[in-house]
Visitor: 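Encoded as structure tokens, here's the structure I'll be asking about.
On a predicted model such as this, the values are computed, not experimentally measured, just so you know.
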Amino acid sequence: QRAQQAVGAFRNAFGDVPFRIHKPEGAFFLWLWFEGLPLSCQELYERLKKRGVLVVPGNHCFFGLKEDWPHRHECIRVSYVQDQEKVRQGVAIIAEEVEKAYRGG
């Protein structure tokens with residue numbers, strides 16, 4: 001139920017941003033993919049951290065790849081185990097930063 005609430009919050013927050021949510025498989029986090037993200041997920045992580053939102057940049061989670069697959073720089077992992085209000089606040093901040101990145105900011 002919490003996973004579906006988080007998925008719904010992201011879908012409501014992102015509007016026209018090109019993103020996908022990898023299928024939740026019972027864990028306590030979601031993988032978000034921002035296809036064509038104009039900055040690296042590491043840079044997005046740094047922006048979010050400055051605003052008090054911690055995510056895991058996807059580039060740390062693709063072990064053993066020999067080629068530089070762009071997808072690894074376009075994903076973040078987001079936990080949804082905090083209280084619902086904190087999750088909603090975090091979703092809003094993530095949406096703001098991602099939208100700003102796609103606008104060139």
Side-chain angles (χ1 to χ4, degrees):
Q1 180 183 2
R2 292 183 66 117
Q4 292 311 312
Q5 290 171 338
V7 166
F10 279 111
R11 287 195 175 128
N12 289 335
F14 278 117
D16 294 336
V17 170
F19 87 104
R20 295 182 184 152
I21 300 175
H22 290 260
K23 181 181 176 186
E25 296 186 18
F28 55 88
F29 58 83
L30 299 173
W31 278 102
L32 303 178
W33 174 27
F34 304 103
E35 192 169 6
L37 186 64
L39 57 113
S40 73
C41 60
Q42 185 67 39
E43 292 171 279
L44 178 59
Y45 162 80
E46 295 295 337
R47 288 183 180 192
L48 293 170
K49 182 179 171 186
K50 286 179 184 176
R51 296 191 61 192
V53 176
L54 295 178
V55 300
V56 175
N59 60 309
H60 297 294
C61 301
F62 289 84
F63 311 111
L65 288 181
K66 300 210 187 311
E67 72 278 354
D68 189 27
W69 187 35
H71 183 85
R72 71 189 285 174
H73 302 290
E74 300 172 335
C75 293
I76 60 173
R77 189 173 86 172
V78 180
S79 174
Y80 54 80
V81 296
Q82 294 194 8
D83 70 75
Q84 288 302 92
E85 183 55 32
K86 291 271 188 204
V87 171
R88 278 191 289 277
Q89 291 170 0
V91 167
I93 291 169
I94 293 168
E96 287 172 15
E97 289 298 329
V98 170
E99 288 172 358
K100 184 165 64 171
Y102 276 104
R103 287 192 315 265

Visitor: Would R2 and Y80 count as a cation-pi pair here, with the cationic atom under 6.0 angstrom from the ring centre and within 45° of the axis?
Guide: no
Visitor: Nearest 0.5 Å please: distance from the CD atom of E43 over to the CD atom of E97.
Guide: 12.0 Å
Visitor: Between A101 and L39, what is the shortest heavy-atom contact and its length?
Guide: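 Answer, listing the atom of A101 first, then L39: CB-CD2, 3.0 Å.
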Visitor: Looking only at heavy atoms, what is the nearest atom pair of P57 and Q42, with distance?
Guide: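 So the minimum-distance heavy-atom pair works out to CG-OE1, 3.4 Å.
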Visitor: Kindly indicate whether the side chain of L32, heavy atoms from C-beta on, has any atom under 4.5 Å from the side chain of V55.
Guide: no
Visitor: Minimum heavy-atom separation for C41 and G58, please, with both atom names.
Guide: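 Nearest pair, atom of C41 first, then G58: SG-N, 3.5 Å.
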Visitor: How about Q84: does its CD atom have over 12 heavy atoms from other parts shown lying under 6.0 Å from it?
Guide: yes
Visitor: Please report the interatomic distance CD1(I76) to CG(L30), rounded to the nearest 0.5 Å.
Guide: 10.0 Å
Visitor: Between V56 and F29, is a side chain to side chain contact (heavy atoms under 4.5 Å, CB included) present by the stated rule, with each step listed?
Guide: CA-CA 10 Å; V56 175; F29 58 83; over 6 Å; no
Visitor: Is it true that a side-chain atom of E74 and a backbone atom of W33 form a donor plus acceptor pair closer than 3.5 Å?
Guide: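 It does not hold such a pair.
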Visitor: Applying a strict under-4.5 Å side-chain criterion to I, L, V, M, F, W and Y, I'd like to know whether V81 and V78 cluster together.
Guide: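 V81 and V78: separate clusters.
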Visitor: Can you check whether Y102 reaches L37 side chain to side chain, under 4.5 Å on heavy atoms?
Guide: yes
Visitor: Return the minimal non-hydrogen interatomic distance between I94 and L48, and the atom names on each side.
Guide: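 Nearest pair, atom of I94 first, then L48: CA-CD2, 3.7 Å.
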Visitor: In Å, rounded to the nearest 0.5 Å, how long is the span from OH of Y45 to CZ of R77?
Guide: 12.5 Å
Visitor: Any Lys/Arg nitrogen of E46 or K49 sitting under 4.0 Å from an Asp/Glu carboxylate oxygen of the other?
Guide: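 Not counted as a salt bridge, because no side-chain N and carboxylate O are separated by less than 4.0 Å.
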Visitor: For E96, which residues count as a salt bridge (Lys or Arg N to Asp or Glu O under 4.0 Å) partner, sequence neighbours excluded?
Guide: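 Per chain and number, E96 pairs via salt bridge (Lys or Arg N to Asp or Glu O under 4.0 Å) with R51.
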Visitor: According to the interplanar angle, ranging from 0 to 90°, do the rings of W31 and H22 count as parallel (below 30°), tilted (30 to 60°) or perpendicular (above 60°)?
Guide: perpendicular
Visitor: Given side chains that start at C-beta, do those of Q5 and V87 come closer than 4.5 Å, heavy atoms only?
Guide: no
Visitor: Just distance, no hydrogens or angles: give the donor-acceptor pairs under 3.5 Å from side chains in residues 8-17, sequence neighbours left out.
Guide:
from	atom 1	to	atom 2	distance (Å)
N12	ND2	G8	O	3.3

Visitor: Working to the nearest 0.5 Å, report the span between NZ of K100 and CG of L44.
Guide: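 Rounded to the nearest 0.5 Å, the NZ-CG separation comes to 10.5 Å.
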